Amino acid sequence: MALSTREAYGQALEALGHKYPFIVLDADLSKATKTDIFAGSFPKRFFNIGIAECDMMSTAAGIASCGNTVFTSTFAIFAAGRAYEQIRNSIAYTGLNVKVAATHGGVLIGEDGGSHQAIEDIALMRVLPGMTVLVPCDEVSTEMLVELAINTDGPVYLRFGRFPSPPVYGDKGISFTQGGANVVGEGEDVAIFAVGDMVAAAMQARAALLEEDISAAVIDLYCVKPLNEGLIAQWATHTKAVVTAEDHSVIGGIGSAVAEVIAENGGTKLIRVGIRDTFGRSGKPLDLARHFGLTSAHIAAACRDALTGR
Amino acid sequence: MSEKELRALAVWAYRIRRLSLEGICAAGCGHPGGSLSCAELLAYLYFHEMRLDPANPQKNDRDRLVLSKGHAAPAYYAALALRGYFAKGEMRNLRQLSSMLQGHPDMRKIPGVDMSTGSLGQGLSVANGMSLAARVAGIDYRVYCIMGDGETQEGQVWEAVMTAAHYKLSNVTVFLDQNGLQIDGPVSEVMNNAPYDEKFTAFDWHVIPINGNNLAEIDTAVQEAKREDSRPTAIICRTIKGKGISFMEEQCSWHGAAPSSEQAIAAFAELDAILAELEVAK
């Protein structure tokens, strides 16, 4: 049974805790963010700050200022949203080694509903100078990206989902680097850039399109910042169209990031698959995916539309 | 402390005031009121109490200060310069593009600054973090945090107050610079949040009210705070905003404005007169 990226995070954090001396903070959500696994093994390196996310972020900065690496976890909406300015002024402006590891990103978190479904966190974090933004899509990429975060100097934002994610990477052979992106499916007609849960959905879309003789490449854009602009420009030049897919608003996330690069490099047809500037709502993940246009069928349709220039 | 030691520190406080004013006048902007009210606190910390080495600003076991009321940067920089972290002459370049001296403290650019501040309400959280780092590393240093009374309107301050008490951070000492004024008027009129003593006590802190411009009282309070082994301490400092320059004292309007050239001449004359008196008495 596939793990969710948040569960993979919790396990990776504990495993890496034996190798690296970092410290972990949570804001009363450690059972959900899975930092409780680390806390169980390393109680002296874990501090619960309670329901006080702003306090947590600045406290993390204080710990980091003394030469430590710190992970802070809560839900994406509270991390990037509520504590935005603390991240901005205590962590990004100072360039400290704080890794904001936020779980429950996107509408596909399900029944908690709109107040909790973060559709804007990638946008908020990617606009901060010096912030590295990493979005794992499965268990393997989660393990690799959590360790990459530890070995990346300065602030990092990691975004995890809630429900189990089908595996995208078979083993740990592929490399993950700051500023990197991985081609997980080759193709020539259309390039799909995706993050998180949408990577697996994009692979399904690719399989469906192959039956229609449409060759779609899928690129896991796991490092949203710093963005691999050269790679994006190259794919835009060598295919006939580009599609982006994310469980996030089409405003400000990877859709916008890719659009920025394409526009500066001469332009090509782009269609952004994502949340179309609306808040989330309660529902089962599968129902929400259909409701908000986040299924592989939607991605495939976007590819067809992009190729016919609609 | 002896009378002689106290007077020596009083001299440092007024040198801090004078150098702050030089910076603010050269820049044509800055925050005199809140810089002047905490000059005694900074003098006490940098010239008597804190274990520091200007030649080694990143020394791991140093005592630390978080100037949570970051707009008092001119006084902070003056203290750091006088203490030997950088040349006093740099104060003439305060807030200029070419200078390392930013409008609010910047730990990346200025040696001696332990944390970047300026956005009110975050400093105590940071101080708590420094204290937790000491605990994890098994090192013994103290963490001081200077905050403003207006600043405690920020809810995050009280989150941090909870955290410090919960984790028994007895090496954290807050100085609340209670000068009674904020930008839009007296604190009591804009958003009253007194009494401070009872509030901190209710949050399980040790509380010591003092005259924050009186060095002997600062000394007694800090030494008392150091004897606490299970609670953080809040030293509630009644101070005078703009202290040391007669026309700036107790005025909201001097929160964030530089004096005119005429006013500056008068201000320097006052400070120099006090310094002369203090030096003679030494």
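For the numbers below, each heavy atom of this structure counts, side chains included, while hydrogens, waters and symmetry mates do not. Predicted model, so just to flag it, every value in this text is computed and none were measured. Proteins get letters first, then strands, A, B, ... in listed order; numbering begins at 1 in each.
Ranked by heavy-atom pairs shorter than 4.5 Å toward chain A, the options Asn60(B), Asp106(B), Asp114(B), Leu124(B) are led by Asp106(B). The candidate from Arg64(B), Arg135(B), His166(B) with the greatest count of non-hydrogen atom pairs under 4.5 Å with chain A is Arg64(B). Among Ser131(B), Ala160(B), Gly121(B), Gly123(B), the residue with the largest count of heavy-atom pairs under 4.5 Å with chain A is Ala160(B). Contact tally against chain B (heavy-atom pairs below 4.5 Å) for Pro21(A), Gly67(A), Gly95(A): the top residue is Gly95(A). Ranked by heavy-atom pairs under 4.5 Å with chain B, the first of Ala60(A), Ala64(A), Ser65(A) is Ser65(A). Listed options Leu132(B), Thr117(B), Asn128(B), Ile139(B) were ranked by heavy-atom pairs under 4.5 angstrom with chain A; first place goes to Leu132(B).
Between Glu224(B) and Thr233(B), the side chains place no donor N or O within less than 3.5 Å of an acceptor N or O (distance only, hydrogens not considered).
Aromatic ring orientation, Tyr144(B) versus Phe175(B): parallel (interplanar angle below 30°, classes split at 30° and 60°). Using cut-offs of 30° and 60° on the angle between ring planes, the pair Tyr9(A) and Phe160(A) is parallel. Below 30°, between 30° and 60°, or above 60°: for Phe78(A) and Phe75(A) the angle between ring planes is below 30°, a parallel geometry.
By the 6.0 Å contact criterion, NZ on Lys168(B) is open, its count of non-hydrogen atoms from other residues, nucleotides or ligands being 12 or less.
For chain A, the nearby parts of Met130(B) are the backbone and the side chain; heavy atoms of each come within less than 4.5 Å. Neither the backbone nor the side chain of Leu25(A) comes within contact range of chain B, judged by heavy atoms closer than 4.5 Å.
The aromatic ring centres of His255(B) and His31(B) sit less than 6.0 Å apart.
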